[in-house]
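Below you'll find the structure, written out as structure tokens, and then a few comments.
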Amino acid sequence: MPTEEELINIRKEKRETLLKNNNPYPAKVKKHTKITEIRSNFQQNTINNQYVINGRVIAKRKMGKIAFIDIQDGSDVMQIQLSKEKLGTIFEIINLIDLGDFISVNGSLFKTKTEELTIGVEDIEIISKALRPPPEKWHGVVDPEIRYRSRHLDLISNKRSRQIAIAFSKTIQSIRNYLHSKDFIELQTPILQENAGGAAAKPFITHHNQLNQDLFLRISLELHLKRLLIGGFEKIFEIGKVFRNEGISYKHNPEFTLLESYEAYADYNDVAKMLKELIQFCAQEVVGNLEIKNGDHIINLAGEWEKLTYIDALHKFAGIDYLKIKEDKDLINKAKDLGIHISKNPSRSIILDEIMKKFVEPKLIQPTFIFDYPTEISPLAKKIDGNENFVERFELFILGYEFANAYSELNDPIDQRERMTEQAIKAKNKDEEIELIDEDFVEALEYGMPPAGGLGVGIERLAMLLMGEHSIREIILFPAMRTKETN
RNA sequence: GGGCCCGUAACUCAGCGGUAGAGUAGAUGCCUUUUAAGCAUUCGGUCGUGAGUUCGAAUCUCACCGGGCUCACCA
């Protein structure tokens, strides 16, 4: 018989024994005091005060006629003491309590010889009998596979995982607080869509039975939120999961949390200003500091952030003087010199973007805005007046990867239709799903959309930055994993 | 997808051609101030799976499964 089964059977027997007297899974438990509250209220005159605490047994030290148990609630850990002298036959319950059980105790506060604040138990009840043993107490669970697949065990044994989860929650909370303070309202748009647009990513496909129709899971929030601008809202945002059917890596998960905001009568310069404030606000709220350690880097979020145009960045980091390169073949040769892999019939923008990714982005460690992207790779952004090859778009880079993407939103329906058509043709030629024409969206645009600045931020990546974490799997509680075959 | 690494008890790990080990957790006994409690006894394994090499494989080889790091892909 496997060991684990034996351990479980022993606990099942204890459960049976408990059932003879009391239900070890009661619905109603006594009102309790948080452990942190007992500790922070502690003064000499709270000695002997009566408290009820509820929580999980994380350590048990029995020594004959006296026993100590460490109880952990959502706030902290506290030691309790059971003595045979005080409890009589009730003391025997110690033999039915295992690590991992939830118990409720009532007793009076005192200090042991070693000055440890302790509850002297007068009343004790098992309120949830655990059947499986918790992870080992010194090291806890360290195997990343167990940590990701069984996050409950990770959370039980690793404080850090809990801190990260809380930080992620605070990040979202502080984003909401900031945007609400700026009079944005939060709206919801559909996850199941007829067209998955607003970004260039492969969507997940699902099927609605009654409609007998395939639907896509959204890859961005953009097109629906813009329809709400058309409908008359002026400052809106959404925080929600999007789904991209692409590779999994330390910075990619198939589903992740995206913030998108749209502000009417603003342009991308306004958005850049807001984004900086937003991130500084989050950092202050979540870590209380604008200097963030991440690996070997110390990221300084304070003060002004560097701004470079796309063209200047290429010049500065890759030595590409775009304005002096007149012929496509000269650019192709430059790219080849840099060791960039060139597909057949590349356009200028695609080559530039390749160089950008390989030579510029990895060097942008401190917060850096890159402004004015090529039109060809930005089908939803407004062209710069008098310079049709570039659009009013910026991306924010920190730690060498993209944090945010924003533009002055394209609101000329004729231009929009042309640009989407170009993308569709290109996608068809390359047999890729880049972006199809969303007729409903373009038609909506024809009713008039106010000039607006839009923003998209990957929240997990923001949390990674703030928490100094290198892997998105540390941020996402249940990261995508391959199904494990059971032998 | 390529390269490198990992998979041994429920958990954390050692062992790396010659009888499968430790600590934690569990069980039993002793123990009224412990807190990684202690002491003693004890239970617990298809060494990820499958083939191969070998007198002999946890150990060497190959394939597969799962995971990690990294490169590539990915707006």
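Below, read A as the first sequence line, B as the second, and so on, with proteins coming before strands; counting in each chain starts at 1. All heavy atoms count here, side chains included; hydrogens, waters and symmetry mates do not. In this text, all values refer to a predicted model and were calculated from it rather than measured experimentally.
Of all nucleotides listed (B/C11, B/A25, B/A75), B/A25 comes nearest to the side chain of A/Leu99. Out of B/A27, B/U33, B/U70, the shortest distance to the side chain of A/Asp98 is found at B/A27. Picking from B/A25, B/G23, B/U32 the nucleotide with the shortest atom distance to the side chain of A/Pro133 gives B/A25. Listed nucleotides B/U70, B/U32, B/U33 differ in distance to A/Lys113; the shortest reach to its side chain belongs to B/U33. Ranking B/A75, B/G23, B/G67 by closeness to the A/Ala200 side chain, first place goes to B/A75. Among the nucleotides B/G23, B/C31, B/C74, the one closest to any side-chain atom of A/Glu136 is B/G23. In the set B/U33, B/A10, B/A75, the nucleotide with an atom closest to the side chain of A/Leu7 is B/A10. With distances taken from any side-chain atom of A/Ser471 to the nucleotides B/U12, B/C69, B/A27, the minimum falls on B/C69. Between B/A75, B/G67, B/G23, one nucleotide has an atom nearer to the side chain of A/Met481 than all others, and that is B/G67. Among the nucleotides B/A75, B/C69, B/A36, the one closest to any side-chain atom of A/Lys137 is B/A36.
Of the two residues contacting RNA chain B, namely A/Ile146 and A/Glu376, the nearest-nucleotide position lying further toward the 5' end is that of A/Ile146. When each of A/Gly64 and A/Arg61 is assigned the nucleotide of RNA chain B bearing its nearest heavy atom, the one mapping closer to the 5' terminus is A/Gly64.
For A/Gln79 against B/U34, a side-chain-to-base donor-acceptor contact under 3.5 Å is present. Side-chain atoms of A/Thr112 come within donor-acceptor range of the base of B/U34, with a qualifying N/O pair under 3.5 Å. Side-chain to base pairing of A/His139 with B/C11: no donor and acceptor N or O lie closer than 3.5 Å to each other.
Nucleic acid contact for A/Arg149: sugar-phosphate only, since backbone atoms but no base atoms lie under 4.0 Å from a heavy atom of the residue. Among the atoms of the strands shown, base atoms are found under 4.0 Å from some heavy atom of A/Glu116. Note on A/Asn405: nothing from the nucleic acid sits closer than 4.0 angstrom, heavy atoms only. Nucleic acid contact for A/Glu402: sugar-phosphate only, since backbone atoms but no base atoms lie under 4.0 Å from a heavy atom of the residue. Across all strands, A/Tyr373 comes closer than 4.0 Å to no nucleic acid atom at all (heavy-atom distances). If you check every strand for non-hydrogen atoms under 4.0 Å, A/Lys84 touches nothing.
For the pair A/Lys357 NZ and B/A72 P, the computed distance is 11 Å after rounding to whole Å. Counting to the nearest Å, the C1' atom of B/A27 and the NZ atom of A/Lys60 are 11 Å from each other. Between the OH atom of A/Tyr148 and the P atom of B/G66 there is a distance of 18 Å, rounded to whole Å. Straight-line distance from the CZ atom of A/Phe110 to the P atom of B/U32: 16 Å, rounded to whole Å. A/Asp143 has its CG atom 13 Å from the P atom of B/G48, to the nearest Å. The CD-P distance, from A/Glu6 to B/U42, rounds to 16 Å in whole Å. Counting to the nearest Å, the C1' atom of B/C43 and the CG atom of A/Asn9 are 14 Å from each other. Here B/A25 presents its P atom at 18 Å from CD1 of A/Ile8, a figure rounded to the nearest Å.
Under a 4.0 Å N-O distance rule, the pair A/Arg160/A/Glu469 qualifies as a salt bridge. In this structure, A/Asp143 does not pair ionically with A/Arg147, as no charged nitrogen and carboxylate oxygen lie closer than 4.0 Å. For the pair A/Glu238 and A/Arg218, the salt-bridge criterion is met [side-chain N within less than 4.0 Å of a carboxylate O].
Closest approach of A/Asn48 and A/Ser108 over heavy atoms only: O-CB, 3.7 Å. Across all their heavy atoms, A/Phe216 and A/Pro203 have their closest contact at CD2-CG, 3.6 Å.
Only the P atoms considered, B/G66 is 41 Å distant from B/U28, to the nearest whole Å. The P atoms of B/A57 and B/G18 are separated by 11 Å, rounded to the nearest whole Å. Here the separation of B/G15 from B/C71, taken at their P atoms, is 30 Å to the nearest Å. Atom P of B/C64 sits at a distance of 24 Å from the matching atom of B/U70, rounded to the whole Å. Atom name C1', nucleotides B/U49 and B/C43: the rounded distance is 28 Å, in whole Å. When the P atom is compared between B/G67 and B/U61, the two are found 23 Å apart, to the nearest whole Å. Between B/G50 and B/C55, the two C1' atoms lie 23 Å apart (nearest whole Å). Straight-line distance between the P atoms of B/A14 and B/G52: roughly 30 Å, to the nearest whole Å.
A/Arg147 has no side-chain polar atom (N or O) that falls below the 4.0 Å cut-off from OP1 or OP2 of B/G68. Contact check, A/Lys202 against B/C74: no side-chain N or O comes under 4.0 Å of OP1 or OP2. In terms of phosphate contacts, A/Lys14 brings a side-chain nitrogen or oxygen within less than 4.0 Å of OP1 or OP2 of B/A27. When the side-chain nitrogen and oxygen atoms of A/Arg482 are compared with OP1 and OP2 of B/C65, none of them lie within a distance under 4.0 Å.
In this entry B/A58 has no Watson-Crick or G-U wobble partner, no candidate having both defining distances under 3.5 Å. Base pairing analysis places B/G1 opposite B/C71; the two distances defining the Watson-Crick or G-U wobble pair are each below 3.5 Å. Both distances falling under 3.5 Å, in either a Watson-Crick or a G-U wobble arrangement, place B/A63 opposite B/U49. Pair assignment for B/U28 gives B/A40, based on Watson-Crick or G-U wobble hydrogen-bonding distances that are each under 3.5 Å.
Using modelled atom types, one finds no donor on one side chain facing an acceptor on the other under 3.5 Å when comparing A/Glu125 with A/Ser104. Between A/Glu409 and A/Tyr407, the side chains place no donor N or O within less than 3.5 Å of an acceptor N or O (distance only, hydrogens not considered). A donor and an acceptor atom, one from each side chain of A/Ser161 and A/Asp154, are located under 3.5 Å apart.
Here the rule is salt bridge (charged side-chain N to carboxylate O under 4.0 Å, His left out) with A/Asp70, and of A/Arg61, A/Arg56, A/Lys137 only A/Arg61 fits it.
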